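It should be emphasised that the depicted structure is a prediction, and the values quoted were computed from it without experimental measurement.
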Amino acid sequence: MNQELQQRIAALTQQNDVVLFMKGDANFPMCGFSGRAVQILKACALDMARLTTVNVLADEEIRQGAKEYSQWPTFPQLYVRGEFIGGADIMGQMYESGELQSLLAQPAT
């Protein structure tokens with residue numbers, strides 16, 4: 001991945017509190033896993049104003065770059081305060097355990 005793209009993705013994940021790389025956006029998810037991820041965030045009572053979504057279908061460079069950046073092959077990909085959390089399955093497991101709610105309840109830095 002080129003340096004400029006890596007810096008662009010790093011800036012997105014570090015300058016926004018909660019970032020979801022997904023297919024579509026929060027209002028119109030374009031796949032079931034992305035839809036599930038948005039529903040999990042809503043179930044955590046996340047203020048949706050804190051959420052930045054990146055539609056990977058709209059930018060092939062970001063789509064490929066995000067996979068390399070996170071070393072995670074699929075979407076969605078959740079970042080909280082610059083830290084890669086995982087995809088829909090991991091989000092679901094963290095939600096079930098209460099870990100995701102605790103993580104999202106922490107104030108933005």
Side-chain angles (χ1 to χ4, degrees):
M1 168 180 8
N2 71 44
Q3 186 103 13
E4 184 181 317
L5 179 58
Q6 188 165 347
Q7 289 173 340
R8 198 168 132 207
I9 293 169
L12 272 169
T13 62
Q14 294 165 9
Q15 294 172 1
N16 296 288
D17 191 32
V18 181
V19 179
L20 186 64
F21 288 89
M22 63 181 288
K23 294 178 180 176
D25 63 39
N27 295 321
F28 193 71
M30 304 282 286
C31 85
F33 293 106
S34 291
R36 181 168 173 236
V38 170
Q39 290 307 312
I40 290 168
L41 293 173
K42 287 180 178 177
C44 290
L46 177 70
D47 175 356
M48 296 310 273
R50 290 176 58 197
L51 177 64
T52 299
T53 59
V54 180
N55 180 358
V56 298
L57 297 177
D59 188 333
E60 185 61 29
E61 190 176 55
I62 285 281
R63 183 178 187 167
Q64 293 308 315
K67 290 178 187 182
E68 291 177 40
Y69 183 81
S70 66
Q71 299 180 344
W72 191 264
T74 59
F75 295 100
Q77 297 180 1
L78 177 67
Y79 287 81
V80 177
R81 291 180 292 284
E83 180 186 349
F84 176 64
I85 304 302
D89 290 346
I90 290 172
M91 289 173 67
Q93 292 167 3
M94 289 177 70
Y95 174 75
E96 292 297 324
S97 73
E99 191 179 352
L100 189 58
Q101 295 89 319
S102 296
L103 181 65
L104 294 171
Q106 295 171 20
T109 52

Decide whether Leu5 and Trp72 are clustered together by the hydrophobic rule: side chain heavy atoms of Ile, Leu, Val, Met, Phe, Trp, Tyr closer than 4.5 Å, transitively. yes
State the CG-CG distance between Asp47 and Asp17, to the nearest 0.5 angstrom. 9.5 Å
If you compare all heavy atoms of Ala26 against all heavy atoms of Met48, which two are closest, and at what distance to 0.1 Å? CB-CE, 4.4 Å
Heavy atoms only: give me the nearest Lys67-Pro73 pair and the separation to one decimal. CE-O, 3.4 Å
Apply ring-ring contact (aromatic ring centres under 6.0 Å, His included) to Tyr79 and list each qualifying residue two or more places apart in sequence or on a separate chain. Phe21, Phe84
What distance do Ile62 atom CD1 and Asn55 atom CG have between them, rounded to the nearest 0.5 Å? 11.0 Å
Residues forming a salt bridge (charged side-chain N to carboxylate O under 4.0 Å, His left out) with Arg8, sequence neighbours excluded: Asp59, Glu61
Considering only heavy atoms from C-beta outward, does the side chain of Met30 approach that of Asp25 to under 4.5 Å? no
Please round to the nearest 0.5 Å and tell me the distance separating atom CD of Glu96 and atom CD of Gln93. 9.5 Å
Give a yes or no on whether the backbone of Phe75 and the side-chain of Arg63 come within a donor-acceptor separation of less than 3.5 Å. no
Side-chain contact test, heavy atoms from C-beta onward, threshold under 4.5 Å: evaluate it for Gln77 versus Ile85 and give yes or no. no
Rounded to the nearest 0.5 Å, the CG atom of Leu104 sits from the SG atom of Cys44 at a distance of 5.0 Å
How far apart are the closest heavy atoms of Met22 and Ser34, and which atoms are they? CB-OG, 3.5 Å
For residues Phe33 and Val18: do they belong to one hydrophobic cluster (side chain heavy atoms under 4.5 Å, members Ile, Leu, Val, Met, Phe, Trp, Tyr)? no
Does the side chain of Gln106 pick up a donor-acceptor pair with the side chain of Arg81 at under 3.5 Å? yes
Neighbour count above 12 (heavy atom, 6.0 Å) for Glu4 CD: no
Do Val19 and Leu57 sit in the same hydrophobic cluster, where Ile, Leu, Val, Met, Phe, Trp and Tyr count as joined when their side-chain heavy atoms come under 4.5 Å apart? no
Heavy atoms only: give me the nearest Gly65-Ile9 pair and the separation to one decimal. C-CD1, 3.4 Å
Side-chain heavy atoms nearer than 4.5 Å, only ILVMFWY residues, links allowed to pass through others: does that put Leu46 and Phe28 together? no
Does the side chain of Ile90 reach to within under 4.5 Å of the side chain of Leu78, using non-hydrogen atoms? no
Step by step, work out the side-chain contact (heavy atoms from CB on, under 4.5 Å) result for Val54 and Leu20. CA-CA 6 Å; Val54 180; Leu20 186 64; over 6 Å; no
Do any N or O atoms from the side chain of Gln101 and from the backbone of Tyr95 form a donor-acceptor pair under 3.5 angstrom? yes
Do the side chain of Ser97 and the main chain of Met94 share a donor and acceptor less than 3.5 angstrom apart? yes
Tell me, do Asn16 and Arg50 make a side-chain contact under 4.5 Å, heavy atoms counted? no
Quick one, Lys23 and Pro76 - any side-chain contact, counting heavy atoms below 4.5 Å? no
Pair Glu68, Gln64: side-chain N/O donor-acceptor within cut-off below 3.5 Å: no
How many angstroms lie between CZ in Arg36 and CG in Leu41, if you round to the nearest 0.5 Å? 11.5 Å
